[in-house]
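Basis for what follows: all heavy atoms, side chains included, without hydrogens, waters or symmetry-related copies. Here is the naming used below: chain letters follow the sequence lines, and residue numbers restart at 1 for every chain.
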4 protein chains.
Amino acid sequence: MHDIPQPRKAPRQNRSCHAVAAILEAAARILASDGYAAFNTNRVAELAGVGIGSLYQYFPNKQALVAALHRRHGEETLAALDAALAASDGRPPREQLAAMVAAALDLHRRELGLHRVLEREWPAFDEPPASNPQDAALSQRVAAWLQACGLEAGRAEVLLRMADSLVHGLLLDAGTPPAGLEQLITDALAGFLGLPAQPHP
Amino acid sequence: MHDIPQPRKAPRQNRSCHAVAAILEAAARILASDGYAAFNTNRVAELAGVGIGSLYQYFPNKQALVAALHRRHGEETLAALDAALAASDGRPPREQLAAMVAAALDLHRRELGLHRVLEREWPAFDEPPASNPQDAALSQRVAAWLQACGLEAGRAEVLLRMADSLVHGLLLDAGTPPAGLEQLITDALAGFLGLPAQPHP
Amino acid sequence: MHDIPQPRKAPRQNRSCHAVAAILEAAARILASDGYAAFNTNRVAELAGVGIGSLYQYFPNKQALVAALHRRHGEETLAALDAALAASDGRPPREQLAAMVAAALDLHRRELGLHRVLEREWPAFDEPPASNPQDAALSQRVAAWLQACGLEAGRAEVLLRMADSLVHGLLLDAGTPPAGLEQLITDALAGFLGLPAQPHP
Amino acid sequence: MHDIPQPRKAPRQNRSCHAVAAILEAAARILASDGYAAFNTNRVAELAGVGIGSLYQYFPNKQALVAALHRRHGEETLAALDAALAASDGRPPREQLAAMVAAALDLHRRELGLHRVLEREWPAFDEPPASNPQDAALSQRVAAWLQACGLEAGRAEVLLRMADSLVHGLLLDAGTPPAGLEQLITDALAGFLGLPAQPHP
DNA sequence: CATGAATGAGAATTCATTCAT
DNA sequence: TATGAATGAATTCTCATTCAT
């Protein structure tokens, strides 16, 4: 319906770079602390310490700002997944799965408020970015890993959505997140994948 | 911080009853088709075919309208769960679980757009705490069922959240929901509960 | 510009009489405690315990309600003045003046909040009721008294306005009304009339 | 309960300065001609020839606009009093008093309608307490003058209120203000202060 | 007569976006 | 390029008044 807004131009100069970073940072802070309802471009510009005009130099509209934040979140997720896979290389699948879940939880725990809004308040009139490059890369990684484990690679997408849903559902919504979240989620995902049960120590 | 908004007054007469129903119906339709961003009281009243003043006779503010829709969804969920449990009474736990998952999926499939908004765009700042009466009733049912199955009743809340997350994450967010959704979700939940694996036929 | 609204009809029956009284009482209460800003016909009807429709049976519009309250205040003032004059009959002019001032102050002290609003918030688009029957009667009384004292009767109107201004200005506006208000106002009015100064005891 | 509303920001540039002035002027005009009931921000903005948004850039809300007008009135009053005292320096007290009364009357005659509303229709629920800086300054001036005349300085506040009441009551409310207003009010105030009577020439 | 549901014009205020400087 | 004043469409909500029951 609407196309996903892109940043207006890639900033080349130092000052611009700094401005963009400041704007994103301000946007993240407002979104994290007060939610989408309190998120307006004037406030973002003010908190970023730039004029409202400058904000519109780098972002064609409000949506583009949120989209940029989304992209940043995707990149972080990808990096975290890669790191977790690299660190757990050679271990049994279930342990690798646990490592990935732990990494995702860590990532989300760090910026709880921001992620809550980012994941739950993507405005409905913009189609959900189902097919952004990061998601594709993410799927690729997971598919490769599944294949390496001798599991059905076609389940990568579903596994990712499942993991995402569980992390957000259990971590973001619960006032008091239940202890052993990693274990719970890993169990569920392992159950879905048909991995052999592991006795809880 | 914010209190949960309540309907302003219970309609007694026939005409009023109809007005309230029309308003809720209109609200649901708009929310479902265009999302929260396009949801405004004037449009709701217009679509409902009542004056804007009438809307405010029955709902003290915009939030109360969404809250009423939410409450309705909660009631439907509870009823669906009860029905599923009653219908599968006496069957093995895994089948009962599958029945409940199927019921939840059915329910959500029926009003996809509305539920997407209700579950994901409910503005974060006045999100009702997880301890509303419907959630409590839901937990109670599930806890009783777990106990009857000889499983740990304390996991009811987490199980519910998990089911919720999976249903929404897989059904609502995916452009094209993967086939065999009941099976996928049931597998994951069974894995979490430690139910014995069931060979897929 | 606009004509001063009159009560729609004089109630003859008992029930009606009671309704009108209840409405006026409710109106006075709301005006007194919350001011004109919070004064709306629906609230008045509710507090009076009658339907909003009934209110409009007896008062053609909101203004008429306030006008009726005004008239009531005028009647009370007239009665108080008469009583003060009767009680101080035969005493020296200054004492009579003091008696009238004291009566006016008493009257206003009894319903401070209501009078504040009544006197200060008469809506600007309705001409101030400069020539209502009560004011005329009041002037007549004062003129007669002035003549009896051998003073210039033509000053009655101005004297009344002056007294009114002083009572309202000093009693209604001052957070803590200065002690000896009667004395202060009497002194001022006596000064205006040229009455011989009276040593304060 | 309510805090006194302040202007939102001080305009720096030329255009802004002009806008603020235009807004205040428009507000004064509407208030003067049609009263508080007809005073709404949209109309003010339109008459001022600025967008409604601009109005809200400089005044956080409707009240702040009226407050600004009030403040302006206070400043003018203070200036007029000072001028009158300076011009009548060295004359006998009664003449100085007459000069001050004349100054106040002049001031109010110039913008009759506006002052009527400002003084009498300022909504009661957020009436600023009598202890605003301008009132204090006014009291100070009068107290100093009383002391210089050998009169009781403690009566400054009451004298001010009295003068205020009389000016407003006689000038603003009366359809046709009585002739010789200066004389009448001066007589009354002198009577209150115990100044020796002055034979009317 | 009494009622109160229904109405809708109107009021205050916000905020994404533009454009002159 | 950066700025921020200006804008006005859009939104939420109120309340005087009517009229069918």
Side-chain angles (χ1 to χ4, degrees), chain A residues 9 11 13 15-16 19 37-46 49-65, chain B residues 9 11-20 37-46 49-63 65, chain C residues 9 11 13 15-16 19 37-46 49-65, chain D residues 9 11-20 37-46 49-63 65:
Chain A
K9 59 179 148 187
Q13 309 186 355
R15 225 178 356 159
S16 311
F39 175 78
N40 66 276
T41 52
N42 288 293
R43 201 176 156 198
V44 169
E46 189 184 24
V50 304
I52 178 67
S54 300
L55 187 152
Y56 277 88
Q57 294 251 327
Y58 298 112
F59 300 91
N61 55 43
K62 195 187 180 185
Q63 297 303 328
L65 240 182
Chain B
K9 63 176 158 186
R12 313 260 163 151
Q13 310 192 352
N14 278 356
R15 215 170 13 150
S16 315
C17 242
H18 174 264
V20 168
F39 175 77
N40 64 276
T41 52
N42 289 300
R43 205 177 151 196
V44 170
E46 191 182 20
V50 304
I52 178 66
S54 300
L55 188 153
Y56 279 92
Q57 288 237 337
Y58 297 109
F59 301 93
N61 53 44
K62 195 186 176 183
Q63 296 301 331
L65 238 183
Chain C
K9 60 178 145 187
Q13 311 187 352
R15 223 176 3 156
S16 311
F39 175 77
N40 66 276
T41 52
N42 288 294
R43 202 177 154 198
V44 169
E46 189 183 24
V50 305
I52 178 66
S54 302
L55 188 151
Y56 278 88
Q57 293 253 330
Y58 298 111
F59 301 91
N61 54 42
K62 196 187 180 184
Q63 297 304 328
L65 240 181
Chain D
K9 63 176 157 188
R12 313 260 163 149
Q13 311 193 350
N14 279 356
R15 213 169 16 148
S16 314
C17 243
H18 174 264
V20 167
F39 175 76
N40 64 274
T41 52
N42 289 298
R43 205 178 150 195
V44 169
E46 190 182 20
V50 304
I52 179 65
S54 300
L55 187 153
Y56 278 91
Q57 288 238 336
Y58 297 109
F59 301 93
N61 52 45
K62 195 186 176 183
Q63 297 301 331
L65 237 183

Of all the choices, [options], which nucleotide is nearest to the side chain of [X] once you look at every atom?
X	options	result
D:Tyr58	E:dA2, E:dT7, F:dA5	F:dA5
C:Tyr56	E:dT7, E:dT17, F:dT18	F:dT18
D:Lys62	E:dT7, E:dT3, E:dA12	E:dA12
A:Asn40	E:dC15, F:dT3, E:dA5	E:dC15
B:Asn61	E:dT7, F:dC13, F:dT7	F:dC13
D:Asn42	E:dT13, E:dT3, F:dC13	E:dT13

Open item on the list: Below the 4.0 Å mark, does F:dA5 have OP1 or OP2 next to a side-chain nitrogen or oxygen of D:Ser54?
Closed with: no

Open item on the list: Strictly below 4.0 Å: does D:Thr41 bring a side-chain N or O up to OP1 or OP2 of E:dA12?
Closed with: yes

TODO: Take the C1' atoms of the five end pairs on each side of the helix from E:dA2-F:dT21 to E:dT21-F:dA2, derive the two axes, and give their angle rounded to 10 degrees.
DONE: 0°

- [ ] Determine whether any donor atom in the side chain of D:Gln57 lies under 3.5 Å from an acceptor atom in the base of F:dA6, or the reverse, and answer yes or no.
- [x] yes

Task: B:Gln57 side, atom CD; B:Ile52 side, atom CD1 - distance, nearest 0.5 Å - done: 11.5 Å

Open item on the list: Within this structure, what is the NZ-CG distance for the pair A:Lys62 and A:Leu55, rounded to the nearest 0.5 Å?
Closed with: 11.5 Å

For atom [atom1] of [X] and atom [atom2] of [N], their distance in whole Å:
X	N	atom1	atom2	result
D:Glu46	F:dA6	CD	C1'	17 Å
D:Arg43	E:dT13	CZ	P	18 Å
B:Leu65	F:dT11	CG	P	15 Å

TODO: Take D:Thr41 and D:Phe59 through the side-chain contact (heavy atoms from CB on, under 4.5 Å) test and state the conclusion after the steps.
DONE: CA-CA 10 Å; D:Thr41 52; D:Phe59 301 93; over 6 Å; no

Task: Position toward the 5' end of DNA chain E (nearest nucleotide), D:Gly53 or C:Leu55 - done: C:Leu55

Task: Residue whose closest nucleotide on DNA chain E lies nearer the 5' end, A:Phe39 versus C:Ile52 - done: C:Ile52

Open item on the list: Minimum heavy-atom separation for B:Asn61 and B:Tyr56, please, with both atom names.
Closed with: CA-CE2, 3.9 Å

Open item on the list: I want to confirm an ordering. Mapping A:Gly49 and D:Gly49 to their closest nucleotides on DNA chain F, which one lands closer to the 5' end?
Closed with: A:Gly49

Task: Passing option when D:Tyr58 is tested against D:Val50, D:Leu65, D:Val20 for side chain to side chain contact (heavy atoms under 4.5 Å, CB included) - done: D:Val20

